[in-house]
Amino acid sequence: MHILLTNDDGVHAPGLFALLQALEVFAKVTIIAPAQNQSAAGHRKTLHKPLRLEPAKLSDGSPAWACSGAPSDCVALALLGFLKTKVDLVVSGINPHYNLGQDVTYSGTVTAALEAVQFGVPGIAVSTDHVLAADDYVQPAHIAAEVAQRLTHQPLPEGVVLSLNIPKTGARGWRLTRQGRRVYRDELVVREDPRGKPYYWIGGEWPTGIADEGTDIWAVEHGYASITPLDLDLTAHNAFEQLRHLE
Ligand code: MN
């Protein structure tokens, strides 16, 4: 099995390294990840500037590629032909914070996995909760690797990506979930630069969420690892009835 490993926190992030160690037990792993932190990069396609790939080395000497683009660019470059060997699975992460509810279209971790399905390759995104130490990734990495290994026997439905959110202390089991509803608490912070011009930060408190049963938010709040199947079809099927008059 050949796995393309990427993330949105940058090629040298400890979450990627933990996942590499868990995946290379059973698979050949190629790493192409952003050179810089690209968290919340979204599903981006870089078209108006060149993309660069530089060789990099992880802390144990493992070879990797550091890419100037977004996580989704890393996957596109690889699958458009930079990698000469067929990729069987794209794994993205481990992100140091959960990607729940509406986080998924912002998340570089999740959108990297979503990019894989454009090429007919299955993808898995892996996130955990408020990591403080590199060791916190070890258990989520093993749990995620088990899922990746299981996919060698039971392939995903076409076009489907799995977003895994795994508690860092381990899980009571898996729950198959739908996206819950995040409650963002963003605030616009306005400051002034040394020349008297205003600049803006999106700041504020960490988001909370509504823990309805069956959602990703509910699962992790109750100590389960959450598997949310996602696809790129964002059609609001529930809205059709109410919008018939527009036809
Ligand atoms: Mn991140």
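Start at 1 and go down the list; that is how both ligands and their atoms are numbered. Counting from 1, the numbers follow the sequence of the chain as shown. Keep in mind that the numbers below use all heavy atoms, side chains included, and drop hydrogens, waters and symmetry copies.
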Item to check | N/O/S atom of Thr109 inside 2.8 Å of the Mn ion (ligand 1), strictly under | outcome: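 No - counting backbone and side chain alike, Thr109 has no N, O or S atom under 2.8 Å.
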
Next on the checklist: At less than 2.8 Å, would any N/O/S atom of Ser39, backbone or side chain, sit next to the Mn ion (ligand 1)?
Outcome noted: yes

Checklist entry - Closest N/O/S atom of Asp9 to the Mn ion (ligand 1), by atom name? => result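 Result: OD1.
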
Item to check | Neighbour count >12 (heavy atoms, 6.0 Å) for atom OH, Tyr184 | outcome: yes

Item to check | Arg181, CZ: over 12 other non-hydrogen atoms inside 6.0 angstrom | outcome: no

Checklist entry - Relative to the ring of Trp218, is the ring of His222 parallel (under 30°), tilted (30 to 60°) or perpendicular (over 60°)? => result parallel

Checklist entry - Under 3.5 Å, is there a donor-acceptor pair between the side chain of Glu115 and the main chain of His43? => result no

Item to check | Asn95 OD1 and Asp8 OD1 subtending at the Mn ion (ligand 1) (10° steps) | outcome: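 Vertex the Mn ion (ligand 1), arms to OD1 of Asp8 and OD1 of Asn95: 90°.
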
